[in-house]
2 protein chains.
Amino acid sequence: MKNRVILAMDKYIPLEILSEIESEVYGLKIGLPLVLDLGLEKVRNLVKEVNIEEIIVDFKLADIGYVMKSVVEKMLFADSFIAHSFIGVKGSLDELKSYLDEKGKGLYLVASMSHSGWNNSFLSYIKEVIKEINPKGIVIGATKTDLISSFKREFSSIKIISPGVGVQGANYGDAICAGADFEIIGRSIYTAKDPVNQLKSINKIIEDRVMNCKGRVPK
Amino acid sequence: MKNRVILAMDKYIPLEILSEIESEVYGLKIGLPLVLDLGLEKVRNLVKEVNIEEIIVDFKLADIGYVMKSVVEKMLFADSFIAHSFIGVKGSLDELKSYLDEKGKGLYLVASMSHSGWNNSFLSYIKEVIKEINPKGIVIGATKTDLISSFKREFSSIKIISPGVGVQGANYGDAICAGADFEIIGRSIYTAKDPVNQLKSINKIIEDRVMNCKGRVPK
């Protein structure tokens, strides 16, 4: 079975461990805390050394186009970038999207976050922005399974990635059963005593779960 | 007259120039592009050398509490931090605010951005969040003078800082006339041939403008 886990790396994971992990994950999501800790150069070198299909930079960009471009242009070693839908199109996401298209890089837009304070009453606006920008993927908190299913039906060609699994409360496999393509897992893995085996166990749990929910995955 | 300019530093400005500028500005706003370019250590050293009243880190934070805390804890050399209101309170801004309070640091919340694609129809929600969090200040795009005046009336004790002046279209002094406390100016200064004199001219324009609008500044 294809790997369904994107490893969220907000803290440093040594290359020896990453090398053991790389065949067990689909992607690597690089957070701002890690980049502040290591500096760009070390992050770039680390990324070069690992053999992982997709490297996603997750700064949850939410600024004017000029600033967001100034950020991503320094990180073109990554494959894709996460930004908020909420900031709107003109003068912001339109400029970021054109720039990333030109560079052959992907854009993920946040549709709904995983914390309880996130307000979902702007959903129709968020969907408008997603339709206009047509990103590579969208980010929906794993606890919000109904939303995942509804987005999957509405945007069937757009990849869904789901954070909030493990420490943040969702069960492994829930989001995928609901229609997500990948689950983003971080702390449960990198704070484990044995991250490699922890990840293998998680993959097994997800695999079992997905076998049993197959019928419910929206097409 | 008290200085009304916050210098937005998204690109590196050499210490020699910063030292000449420091008496001409109220604050220094540090952007993510600069931190990625220089690395944290060099930014920390630069900030140590300048004598400016308020150092504001502007990453437009918009994440869960855990991630935002992991970011700001590395930058406690600054006085305050900018985050988005729209991410909501529980599990996000509540945790950030408590942490910053504990460390004696300030929080600014974005109420309205300066680009044309920003959607102001969520304003009542944004105001709710601002009331609940009670930040040190709020950020409102300088082109939105009506909004600045209305926020100033509603949140009279909260500082208003306004980006979008100069290159982004607002005239120097407009935001202050409307009720803002400070105008954030970046590119017009750091891309000028002579940034020091450029800043002095801008200060003079603002001073003249404010003299003539005095009656319109909401109390």
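So that the names make sense, note that chain A is the first sequence line, chain B the second, and so on, each numbered from 1.
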Looking only at heavy atoms, what is the nearest atom pair of B/H84 and A/A62, with distance?
-> NE2-O, 2.8 Å

In terms of heavy-atom contacts, does CD of A/E132 have more than 12 from other residues, nucleotides or ligands at under 6.0 Å?
-> no

Is chain A contacted by the side chain of B/V89, its backbone, both, or neither, given a heavy-atom distance below 4.5 Å?
-> backbone

Report the option among A/D10, A/D37, A/V35 that has the most heavy-atom pairs separated by less than 4.5 Å from atoms of chain B.
-> A/D37

Most heavy-atom pairs under 4.5 Å with chain A, out of B/V67, B/V129, B/N119, belong to B/N119

Does any N or O in the side chain of B/H115 come within less than 3.5 Å of the main-chain N or O of A/L93, such that one atom is a donor and the other an acceptor?
-> no

Which of parallel (below 30°), tilted (30 to 60°) and perpendicular (above 60°) describes B/F122 and A/F86?
-> tilted

Scanning both residues in full, the closest heavy-atom pair of B/L36 with A/K74 reads CB-CD, 3.7 Å

Contact part of A/D63 toward chain B, heavy-atom cut-off under 4.5 Å: side chain, backbone, both or neither?
-> both

Who wins among B/G186, B/S121, B/S116 for the most heavy-atom pairs under 4.5 Å with chain A?
-> B/S116

